[in-house]
Amino acid sequence: MKNKLVLIDGNSILYRAFFALPLLSNSKGIYTNAVYGFAQMLLKVLDEEKPTHLLVAFDASKKTFRHEKYEEYKGGRQKTPPELSEQIPFVHDLLDAFRISKYELENYEADDVIGTLSKQAEDENWEVKVITGDKDLLQLVSDRVSVALTRKGITDVDTYDPVALRERYGIDASQIIDMKSLMGDPSDNIPGVPGVGEKTALKLLKQFGSLETILNSIDEISGKKIKETLENNHDLALLSKELVTIDRNSPIEVSLNDVSYGNYDQESVVRLFTDLEFKSLLDRFEHEESEEAESDSKIDISFETVTELSSNMLKGETALIVEVMEENYHQAEIQGIAIVNETGKYFMTAEDACKSAEFKQWLNDETKKKITFDKKRAEVALGWQNIEIKGFSFDVLIASYLLNTTESRHDIAEIANRENITYVQSDESVYGKGAKRKMPEREALANHLIRKAQAVYELKDILTDKLEKNEQYSLFDQLEMPLSNVLAQMELQGIKVDIDRLKNMGKELDERLKTIEQEVYEEAGVKFNLNSPKQLGEVLFDKLNLPVIKKTKTGYSTSADVLEKLQNQHEIIPKILLYRQLGKLYSTYIEGLLKVVNNNTGKIHTRFNQVLTQTGRLSSIDPNLQNIPIRLEEGRKIRQAFIPSKKGWVIFAADYSQIELRVLAHIAQDEKLIQAFKEDMDIHTKTAMDVFHVAKEEVTPLMRRHAKAVNFGIVYGISDYGLSQSLSITRKEAGEFIDRYLKSFPGVKRYMDEIVQKAKSDGFVTTLLHRRRYLPEIKSRNYNLRSFAERTAMNTPIQGSAADIIKKAMIEMNNRLQSEKLETNMLLQVHDELIFEAPEHEIDKLKQIVPEVMEQAVELDVPLKVDYSYGATWYDAK
DNA sequence: TTCGGCGTAA
DNA sequence: TATAATTACGCCGAAG
C-alpha cells in the first residue's frame, strides 16, 4: 500500500480553533475551546485521510532565521492570549495520547519543517496532505502534495491540488511565493510592494510568470503608478520573497520513518477527554472498548444451574454474587445468585437460594470465606429478608477503591479489564441504563453473574498483592472490611421519623412561601418563576436595574452572597433571601425526606457510600443525612423530626472537637499547636493570640472570628484569595494573616512545604492509616490544576486521617456495644460525629464509653476530645 | 436525560 | 504566568 503522510501546522490550527470557537471551559475552569477544536480536526483527519504517517509541526522559539534577514519579521504581532497559552500543554497531551509525532525546530518555523518533510515524502513518491490555516503553504502544492486550508470554523476546509490552485488563482504553486512577495502579509509583517494586492499581483504574474521577470521587465508594465512603486520597492519585493519562501531543506532531525502513525492509546485518550469533559468525543472511544469486551464475552464459560446447593459445592473460599439490580438496595429484589469456587461454577435463582437451608447456613457460617463485590449491598439486601451473611474475606469493590480513590468507575468489568480480565461485561451493557434498564432473560443473567463471580474470584489474589505492596492491606482488612458490616447494620436499622411533625412544618412553610412569593411579585411588578435564577436575574438586573455584582457563565449570578450585598438596595432582596431559605427547607428537607421514609418501618434508611470520596470520608444518599440543617434555627428544627424508634429512648450524639486541627498538630508535629491542645485551649482564641500578638484577655470577638477563618483555610490548603473572600477583607490583609499564622506555627509551615514536595516525588499523599490519594496533576504545567493538587496535597492527609479515626472508632464502638450487651443502636455518622438511639437507662453508660472509645480510637501526640449530648429528638441532642 | 446554579452539611 | 478554599448530595429550571 502506498504511504500517506499528513502534516499538520500545529500553531496555525490551534489559533484557528481558538478563535473559531467560543471560549469554552470545563468544570474546573480550564479553557478548552482550542484543544476541543484541535481534537475535532484531528479526529476528522484520522478518519478521512487514514494516514500511515503523521506529524504535527510547531513553531519553535520566537526568533528564526528570517529575523536575521528582516528584524521586523512578524513584528506587531499580538501576544498569545493567556486563555490560549494555558491550553497548549493539553494539545501536547492530546498528541501523546494519540501517539502522534510532534516536532519543532530551533530557528525555524513549522512551515519549514512541513516543507522539508513533504519534499522528502514526495521524493519517495508518497502522497502528502498538509493541514493549515496559512496560505503560504500553498507553495508546496504539487502532484503529490495537496494542501487543506481551513475556511471557516475548524473542520471546514478547501483542499488545493495543482488543478484547484489554478482554478482559484490562475497560477502555479511556485508562483504563490511571488504573489505573496508582491502582496505582502500583514500578519507576518511582510512588507511586499505597497499598493499591490491580490488582484494586481495575480495580473502581473499571469503576464510575466515570476517576480524576477516582473522586476526585469518594468518597462513593459502598463500603468504608471504601479511601474513607479515597483521600481521604488525593488529590494523590498526581493526581500519579501526570501521571507516568504519556505526552506525545504531545513536541518530537521526527524525522518519519515519516525513519524509513522499506528494507533492511539485508548486509555490515555479516554482519560484526557474525561478530564477535559469532551463528552461528545468521548462516546466513540468508549464504544470501541465495549465492542472489544463483547467479542471476549463470547468466550465460553460453562456453569451449572442448580436449585439446591449441597455441601460438596461449597468448599473452600468462594466468590459470591448476590445480584441486586436496583440501585437502591433497600427492600430490593434479589435477581440471582452466582457462586464460583474450586468445585465449580453454580447459578441459582433468588427464589431457590432463599429457600435453601443449606445455602443459608453456609451464608451464616463465619468460617466459610466469601469473596464479594460490594458486600454491603448483599448484606443489606439479604438483611431485609432476615438472612444473615458472615465470613466476608475479600471485597473487590473496597479493594479497588482503596487502590485508587481517584478512579470513579468501580464496575466489576472495569476493574477486571484493568487487570486484563476481559470476559466480563459491564452491568450497563447487560441491563441497559435509564428508562431502558431491564432484567435480561434468565440464561443471559446467569451467564453474566457467573462471569462476574469468576472475575471476582480471580481478582482477589491480584488485588491482595497490590494492597500489600502499598502497605494498605491492614487498612483494607482491619478497617474498611469490618466497617462495611457496621454500616450495613446502621442502614438496616434506619432512623425513625416523626412524619406528622414534618408534615406540619411543611404546611406552615408552604403558607409562608406563598405569602412571600406574592410580596415579591408585587415588589417586582411582574409574575415570574422565583425558583429560576435566570428569570430572577432578569427581574433584578434588567427590570429593577440593580447593580450587577457577579456574573456566571450563563448570565447574572443571584447567589446568596450577591443578594446580601444588595440587601439595602431594594426591599425585594430580603424577601427573596427568605424565600430561598424557606424554599430550600420545603423542597429538600420536608418533601425530600417525606419521599424517602420507608412505609413499612416508618424510618429513613440512607445508604452510606464507602467507596466514593477522594479523602476517605463517607457520603450519604437517598437521602443525604449528612447535610441536615443546623446553622439557622429555622432549618435546625428539621432535626425535631428525627426521633428514637422506641418509646422512652433518646437520641445521643457525640462529636469530635476540632479533630482536623488536632490531626494537623499531630502530623505537622507543630510544638505550639500540640501544646495548645494538650492544655485544652480554645484553639481559635489561641490562634488569635499568636497571630495578633495579644494576651488572651485582649482577643476580641472579631479577632477570634478571623483566627477561626484562618484555621479553616489552613485545613483546606490556604490561599490569600480564599481567605479574603470568607472574611471580606483585602487579599493583602488576608496574605498578612496567613504569613503571621505560618510564622507563629512554623511546624505547620514546614508540613505544608514538605507534603507538597512529597506529593511531587511520590505522586501521592497518605493518611494516618495509609489511605492514598494520587495527585498526578501536581506536576502539571497548568497553574490551575497544579494549585488545586497542591491544596489537596495539604488537605487530604488531614481530612483523610480524621476520616480514618472516626471509622476506627465506629468499628470499636460497634464491638463495645455488643460486648457490653447494650441495646443502643448506632444510626448515623456525620464526618466527625456519631448519632445513636438509646434507652434511657443506658445513657449513663454511654456517657462513659462513647467518649472513651472515640478518644482512644488512635493515639496521637495530642489528645482527642469528644463532646456529647442527648435528648428526645436529634434537635434536642445539642 | 443532562447540565448549571444554588444551597445544605462537616 | 492568572487564579483562587476541602469534601460531599439534592433540588430546580432550562436546555437537550
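Remember, predicted model here, so these are calculated numbers, not experimental data. Labels below follow one simple rule: chain letters A, B, ... track the order of the sequence lines, proteins then strands, and each chain is numbered from 1. All heavy atoms count here, side chains included; hydrogens, waters and symmetry mates do not.
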A.B. asks: Picking from C/dT3, B/dC6, C/dT6, which would you name as closest to the side chain of A/Thr558?
C.D. replies: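 Among the listed nucleotides, the one closest to the side chain of A/Thr558 is B/dC6.
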A.B. asks: Suppose you measure atom C1' in B/dG7 against the same atom in C/dA2; what distance do you get, rounded to whole Å?
C.D. replies: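 It comes out at 29 Å once rounded to the nearest Å.
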A.B. asks: Calculate the interatomic distance between A/Ile590 atom CD1 and C/dC11 atom C1'; express it in whole Å.
C.D. replies: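 Checked: the CD1 to C1' distance equals 14 Å.
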A.B. asks: Is the shortest distance from a Lys or Arg side-chain nitrogen in A/Glu591 or A/Lys595 to a carboxylate oxygen in the other one below 4.0 Å?
C.D. replies: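 So A/Glu591 does not pair with A/Lys595 through a salt bridge.
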A.B. asks: Identify, between A/Asn531 and A/Arg773, the residue whose nearest nucleotide on DNA chain C lies closer to the 5' end.
C.D. replies: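 Looking at DNA chain C, the more 5' nearest nucleotide goes with A/Arg773.
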A.B. asks: If you measure only the distance, is there a donor-acceptor pair under 3.5 Å linking the side chains of A/Tyr329 and A/Glu491?
C.D. replies: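 Present: a donor and an acceptor within the cut-off.
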A.B. asks: Contact class for A/Ile621 vs. all strands (heavy atom < 4.0 Å): base, sugar-phosphate, or nothing?
C.D. replies: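 The residue A/Ile621 makes sugar-phosphate contact but no base contact.
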A.B. asks: Determine the Euclidean distance between corresponding P atoms of B/dC6 and C/dA5; express it in Å to zero decimal places.
C.D. replies: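 C/dA5 and B/dC6 have their P atoms separated by 15 Å.
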A.B. asks: Does A/Gln535 place a side-chain N or O at less than 4.0 Å from the phosphate oxygens OP1/OP2 of C/dA14?
C.D. replies: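 Yes, within the criterion.
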A.B. asks: Any idea which of C/dA8, B/dA9, C/dT1 is nearest the A/Gln614 side chain?
C.D. replies: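 The listed nucleotide nearest to A/Gln614's side chain is C/dA8.
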A.B. asks: Just N and O in the side chain of A/Arg791: are any of them under 4.0 Å from OP1 or OP2 of C/dT6?
C.D. replies: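 A/Arg791 to C/dT6 OP1/OP2: side-chain N or O found under 4.0 Å.
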A.B. asks: C/dA5 base stacked by A/Tyr716? Criteria: ring centres under 5.5 Å, plane angle under 30°.
C.D. replies: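 A stacking contact does not exist, since A/Tyr716 is not both close and nearly parallel to the base ring of C/dA5.
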A.B. asks: Once you apply a heavy-atom cut-off of 4.0 Å, does A/Glu660 come out as touching a base, just sugar-phosphate, or nothing?
C.D. replies: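 If one applies the 4.0 Å heavy-atom cut-off, A/Glu660 turns out to touch nothing in the nucleic acid.
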A.B. asks: Base, sugar-phosphate, or nothing: which does A/Arg731 touch, judged by heavy atoms less than 4.0 Å apart?
C.D. replies: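 A/Arg731: base contact, heavy atoms under 4.0 Å.
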A.B. asks: Any N or O donor-acceptor pair linking the side chain of A/Ser719 to the base of C/dA5 at under 3.5 Å?
C.D. replies: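 Answer is no: no donor-acceptor pair is held.
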A.B. asks: Picking from A/Glu777, A/Arg773, A/Lys779, what satisfies side-chain contact (heavy atoms from CB on, under 4.5 Å) with A/Leu775?
C.D. replies: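 The single option meeting the side-chain contact (heavy atoms from CB on, under 4.5 Å) with A/Leu775 is A/Arg773.
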A.B. asks: Is A/Asn529 close enough to C/dG13 that one of its side-chain N or O atoms is under 4.0 Å from OP1 or OP2 there?
C.D. replies: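 So the side chain of A/Asn529 is within the cut-off, an N or O lying under 4.0 Å from OP1 or OP2 of C/dG13.
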A.B. asks: NE2 of A/His831 versus C1' of B/dA9: gap in Å, rounded?
C.D. replies: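 One finds 6 Å between C1' of B/dA9 and NE2 of A/His831, rounded.
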A.B. asks: Could you check whether the side chain of A/Asn627 and the base of B/dT8 have a donor-acceptor pair of N or O atoms closer than 3.5 Å, going by distance alone?
C.D. replies: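 Yes, a donor-acceptor pair under 3.5 Å.
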A.B. asks: Answer with yes or no whether A/Gln799 presents, from its side chain, a donor or acceptor under 3.5 Å of a partner atom in the base of C/dT6.
C.D. replies: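 For A/Gln799, whose side chain was compared with the base of C/dT6, there is a donor-acceptor pair (under 3.5 Å).
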A.B. asks: Can you see if the side chain of A/Lys534 gets near the phosphate of C/dA15 - specifically, an N or O under 4.0 Å from OP1 or OP2?
C.D. replies: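 Yes, within the criterion.
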A.B. asks: Which part of the nucleic acid does A/Asp622 contact within heavy-atom distance under 4.0 Å: base, sugar-phosphate only, or nothing?
C.D. replies: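 Answer is sugar-phosphate: A/Asp622 comes under 4.0 Å of backbone atoms only.
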A.B. asks: What nucleic acid atoms does A/Gln725 come within less than 4.0 Å of, heavy atoms only: base, sugar-phosphate, or nothing?
C.D. replies: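 A/Gln725: no heavy atom of the nucleic acid under 4.0 Å.
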A.B. asks: Applying a 4.0 Å non-hydrogen cut-off, can you work out what A/Ala560 is touching in the nucleic acid: base, sugar-phosphate, or nothing?
C.D. replies: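 Sugar-phosphate: the residue A/Ala560, judged by heavy atoms under 4.0 Å, touches backbone atoms but no base.
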A.B. asks: Under 3.5 Å, is there a donor on one side chain and an acceptor on the other for A/Thr873 and A/Arg501?
C.D. replies: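 No donor-acceptor contact under 3.5 Å links the two side chains.
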A.B. asks: So, is A/Ser619 close to the C/dC9 phosphate, meaning a side-chain N or O under 4.0 Å from OP1 or OP2?
C.D. replies: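 Answer yes for this pair, as a side-chain N or O of A/Ser619 is under 4.0 Å from OP1 or OP2.
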A.B. asks: For a quick check of understanding: with a heavy-atom distance under 4.0 Å over all strands, which category does A/Arg617 fall into, base, sugar-phosphate or nothing?
C.D. replies: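 Touches a base.
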A.B. asks: Could you check whether A/Glu634 pairs with A/Arg512 (Lys NZ or Arg NE/NH1/NH2 to Asp/Glu carboxylate O, under 4.0 Å)?
C.D. replies: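 A salt bridge links A/Glu634 with A/Arg512.
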A.B. asks: Students often get this wrong, so: under 4.0 angstrom with heavy atoms, is A/Arg607 touching a base, only sugar-phosphate, or nothing?
C.D. replies: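 A/Arg607: no heavy atom of the nucleic acid under 4.0 Å.
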A.B. asks: A/Ser724 near the nucleic acid: base, sugar-phosphate alone, or nothing, with a heavy-atom cut-off under 4.0 Å?
C.D. replies: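 Answer is nothing: A/Ser724 stays at 4.0 Å or more from every strand.
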A.B. asks: Starting at CD of A/Glu733 and ending at P of C/dA4, how long is that distance when rounded to a whole Å?
C.D. replies: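 Rounded to whole Å, this separation is 21 Å.
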A.B. asks: Quick check: any donor-acceptor pair below 3.5 Å linking the side-chain of A/Arg631 to the base of B/dA9?
C.D. replies: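 Looking at the base of B/dA9, it does not pair with any donor or acceptor on the side chain of A/Arg631 (distance under 3.5 Å).
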A.B. asks: Assign A/Leu625 to base, sugar-phosphate, or nothing according to its heavy-atom contacts below 4.0 angstrom with the strands shown.
C.D. replies: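 Touches nothing.
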A.B. asks: Please tell me if A/Thr552 has a side-chain N or O lying less than 4.0 Å from either OP1 or OP2 of B/dG4.
C.D. replies: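 No, A/Thr552 has no side-chain N/O under 4.0 Å of OP1/OP2 on B/dG4.
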A.B. asks: Mind checking A/Ser620 for me? I need base, sugar-phosphate or nothing, with any heavy atom below 4.0 Å counting as a touch.
C.D. replies: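 Counting heavy atoms under 4.0 Å across all strands, the contact made by A/Ser620 is with sugar-phosphate only.
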A.B. asks: Nearest whole angstrom, please: distance from the C1' of C/dA8 to the CG of A/Asn795.
C.D. replies: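 Atom CG in A/Asn795 sits about 12 Å away from atom C1' in C/dA8.
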A.B. asks: Would you kindly give the CZ-to-P distance between A/Arg771 and C/dT7, to the nearest whole Å?
C.D. replies: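 Rounded to the whole Å, the gap is 15 Å.
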A.B. asks: Take the protein atom CG of A/Leu828 and the nucleotide atom P of B/dA9, then report the distance between them rounded to whole Å.
C.D. replies: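 For the pair A/Leu828 CG and B/dA9 P, the rounded distance is 16 Å.
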A.B. asks: B/dG5, OP1 or OP2 - any side-chain N/O from A/Thr554 closer than 4.0 Å?
C.D. replies: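 Checking B/dG5 against A/Thr554, a side-chain N or O does come within under 4.0 Å of OP1 or OP2.
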A.B. asks: What about A/Tyr741 and A/Phe737, are their ring centers closer than 6.0 Å?
C.D. replies: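 Not close enough - the centres of the two rings lie 6.0 Å or further apart.
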A.B. asks: Looking for any heavy atom pair under 4.0 Å, which part of the strands does A/Val715 touch: base, sugar-phosphate only, or nothing?
C.D. replies: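 The residue A/Val715 makes no contact with any strand.
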A.B. asks: Would you mind classifying the nucleic acid contact of A/Leu612 as base, sugar-phosphate or nothing, using non-hydrogen atoms under 4.0 angstrom?
C.D. replies: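 Since only primed, P, OP1 and OP2 atoms lie under 4.0 Å of A/Leu612, the category is sugar-phosphate.
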A.B. asks: Mind calculating the distance between CD1 (A/Ile576) and C1' (B/dG5) to the nearest angstrom?
C.D. replies: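 These atoms are roughly 15 Å apart.
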A.B. asks: Are A/Tyr521 and A/Phe528 an aromatic pair, judged by ring center distance below 6.0 Å?
C.D. replies: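 Ring centres of A/Tyr521 and A/Phe528 closer than 6.0 Å.
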A.B. asks: Could you work out which one of B/dA10, C/dT7, C/dG10 sits closest to the side chain of A/Asn624?
C.D. replies: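 Of B/dA10, C/dT7, C/dG10, C/dG10 is nearest to the side chain of A/Asn624.
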A.B. asks: Rounding to an integer number of Å, can you tell me how far A/Leu785 CG sits from C/dA4 P?
C.D. replies: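 Distance, rounded to whole Å: 12 Å.
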A.B. asks: Distance check: side-chain N/O of A/Thr615 vs OP1/OP2 of C/dT6, anything under 4.0 Å?
C.D. replies: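 Indeed not, no polar side-chain atom of A/Thr615 lies that close.
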A.B. asks: Do A/Asp804 and A/Thr767 meet the criterion of a side-chain donor-acceptor pair at a distance under 3.5 Å?
C.D. replies: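 Distance-only check passes for A/Asp804 and A/Thr767.
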A.B. asks: Using a heavy-atom cut-off of under 4.0 Å over every strand shown, decide if A/Thr796 touches base, sugar-phosphate, or nothing.
C.D. replies: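 Nothing: the residue A/Thr796, judged by heavy atoms under 4.0 Å, touches no strand.
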